[in-house]
> 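Quick one: the structure is below, questions incoming.
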Amino acid sequence: MGLLGDELAFARALTDRENESVMALGNRKRYAADAHLLAEGDRSTHVMIILQGWVTVSVATDRGATRLILGLRGPGELLGEMAALDSHPRSATVRALGPVEAQVISGDAFRRFLALHPRVSGLVIRQLTFRLRSADQERSALASLTVLQRLASRLTELSQAEPSGPYAPSVPTPSVPTPSVPAPAAARPSVPRPSVTSASVTGTSPAGTVVHLAQDELAATVGATREAVAKALRLLRGQQIVRTGNRRVEILDPALLALLADGHQEGRPEGRPE
């Protein structure tokens, strides 16, 4: 299971000349927080390259208003390429987590560019295959893992992120100062990760790492109800694996959490919330 993925963001994989040419195909557009950049089922065919901000990619489920978050996409990432290539309805909804800027390119212009630039076309194919594999892994997890396992896996993933990204706390954490560095070019941004804070920024997922997510957001990332996630968190709290607060989950025992994510039974909290 993985919301973030490990593939190199599309814009960062382009050469300077390719990047300049791609960006010249479209226009920059700004979106407010919670705005829908793309809507599942829509017949539009344009593509977007995220310049600033973060978005969620989600699909509707058979539970009505409940949505499943398939991924988090940030600066440099390409969105909407499937509809641009096959002219089928959009397969997912893309929503802004905060203010977002994106380069919007028509589907026709993007297809013509790919036809003339086989290396860039190869990058798009690589991204498509990566995301399809990731979607297959998510479906497998939904079918074979309990809510507790899926939640442990998601918390483990997000707790290993760098201390910046889509779920940043509203107030900067004093113990983790942010160095002052020049901002990268908008078209070739660095790609941050979901927000965590920790008493130490060294090592992997140290005890005390905090993931800034509400329970309903966690539920959407693991394909479960809010009630099922709340029950799983109670089990984890009872074993002192996590501590929860308002829009925060503090990881107290990352090693045991990782074992639970892998399906190990040793030291596992009683009960299996489904």
Side-chain angles (χ1 to χ4, degrees), residues 2-32 35-39 42-57 70-88 90-135 161-162 164-166 168 178-194:
L3 287 181
L4 296 165
D6 296 320
E7 86 276 23
L8 186 64
F10 173 76
R12 293 180 59 188
L14 300 174
T15 66
D16 290 339
R17 178 173 294 182
E18 289 168 344
N19 184 78
E20 182 178 353
S21 299
V22 168
M23 295 301 167
L25 297 174
N27 298 291
R28 180 175 297 207
K29 187 172 181 180
R30 292 180 174 85
Y31 298 87
H36 284 189
L37 282 68
L38 301 172
D42 189 62
R43 302 292 308 203
S44 61
T45 61
H46 61 277
V47 301
M48 296 179 167
I49 299 174
I50 302 297
L51 304 178
Q52 295 180 21
W54 281 81
V55 301
T56 61
V57 179
L70 299 177
L72 301 174
R73 304 289 180 247
E77 301 214 51
L78 175 68
L79 300 170
E81 71 282 1
M82 288 180 63
L85 294 176
D86 64 14
S87 298
H88 281 61
R90 300 287 186 188
S91 60
T93 292
V94 175
R95 181 181 68 86
L97 282 173
V100 168
E101 290 189 13
Q103 196 77 359
V104 181
I105 302 169
S106 74
D108 287 340
F110 190 67
R111 287 191 297 272
R112 287 194 297 269
F113 183 86
L114 294 183
L116 296 174
H117 297 82
R119 198 192 81 86
V120 180
S121 181
L123 294 177
V124 174
I125 293 172
R126 185 183 69 181
Q127 174 176 285
L128 282 170
T129 56
F130 181 92
R131 291 179 179 174
L132 287 173
R133 289 180 188 275
S134 179
E162 297 175 7
S164 61
T178 302
S180 176
V181 295
R188 300 181 63 81
S190 60
V191 180
R193 295 296 191 181

> Donor-acceptor check, side chain of Arg90 to backbone of Gly80, threshold 3.5 angstrom: yes or no?
yes
> In Å and rounded to the nearest 0.5 Å, what is the CD to OG1 distance from Gln127 to Thr129?
9.0 Å
> If you measure from CG on Leu114 to CD1 on Ile125, what distance do you get to the nearest 0.5 Å?
8.5 Å
> Which atom names give the shortest non-hydrogen contact between Trp54 and Pro75, and what distance separates them?
NE1-CD, 4.0 Å
> If we only count heavy atoms from C-beta on, is the Thr45 to Phe110 side-chain gap below 4.5 Å?
no
> Is any side-chain heavy atom of Phe10 closer than 4.5 Å to a side-chain heavy atom of Asn19?
no
> Would you call Glu81 and Arg111 a salt bridge, using N to O less than 4.0 angstrom?
no
> Over all heavy atoms of both residues, which pair between Leu72 and Glu77 is shortest? Give the atoms and the distance, please.
O-OE2, 4.1 Å
> Quick one: CZ on Phe113 to CD1 on Ile105, what's the gap to the nearest 0.5 Å?
8.5 Å
> How close do His46 and Leu37 get, heavy atom to heavy atom, and via which atoms?
NE2-O, 4.4 Å
> Arg28 and Leu51: which non-hydrogen atoms are nearest, and at how many Å?
NE-CD1, 3.3 Å
> Please report the interatomic distance OG(Ser106) to CG(Leu25), rounded to the nearest 0.5 Å.
7.5 Å
> Compare all side-chain heavy atoms of Val57 with those of Arg73 and state whether any distance is below 4.5 angstrom.
yes
> Which distance, rounded to the nearest 0.5 Å, do you find between the CG of Leu70 and the OG1 of Thr93?
10.0 Å
> Do you know which two heavy atoms are closest between Ala13 and Arg126, and how far apart they sit?
CB-NH2, 4.0 Å
> Take atom CZ of Arg30 as the centre, draw a 6.0 Å sphere, and report whether it contains more than 12 heavy atoms from other residues, nucleotides or ligands.
no
> For His117, does its backbone N or O pair with a side-chain atom of Ser121 as donor and acceptor, under 3.5 Å?
no
> Could you tell me if the side chain of Val94 sits less than 4.5 Å from the side chain of Thr56, heavy atoms only?
no
> Decide, yes or no, whether a salt bridge links Glu101 with Lys29 under the criterion of side-chain N to carboxylate O below 4.0 Å.
no
> What distance separates Tyr31 OH from Leu97 CG, expressed to the nearest 0.5 Å?
15.0 Å
> Do the side chain of Gln103 and the main chain of Gly26 share a donor and acceptor less than 3.5 angstrom apart?
yes
> Taking the side chain as C-beta and beyond, is there a heavy-atom pair between Leu38 and Met48 under 4.5 Å?
yes
> Could you work out, with side-chain hydrogen bond (donor to acceptor under 3.5 Å, both in side chains) as the rule, every residue matching Arg112, not counting sequence neighbours?
none
> Of the non-hydrogen atoms in Met82 and Leu128, which two are nearest, and what is the gap between them?
CG-CD2, 3.4 Å
> Can a donor-acceptor pair be found, under 3.5 Å and without considering hydrogens, that links the side chain of Glu18 to the backbone of Thr15?
yes
> Does the side chain of Val47 reach to within under 4.5 Å of the side chain of Val104, using non-hydrogen atoms?
no
> Quick one about Asp42 and Ser44 (side-chain donor to acceptor, distance below 3.5 Å, no hydrogens or angles considered), yes or no?
yes
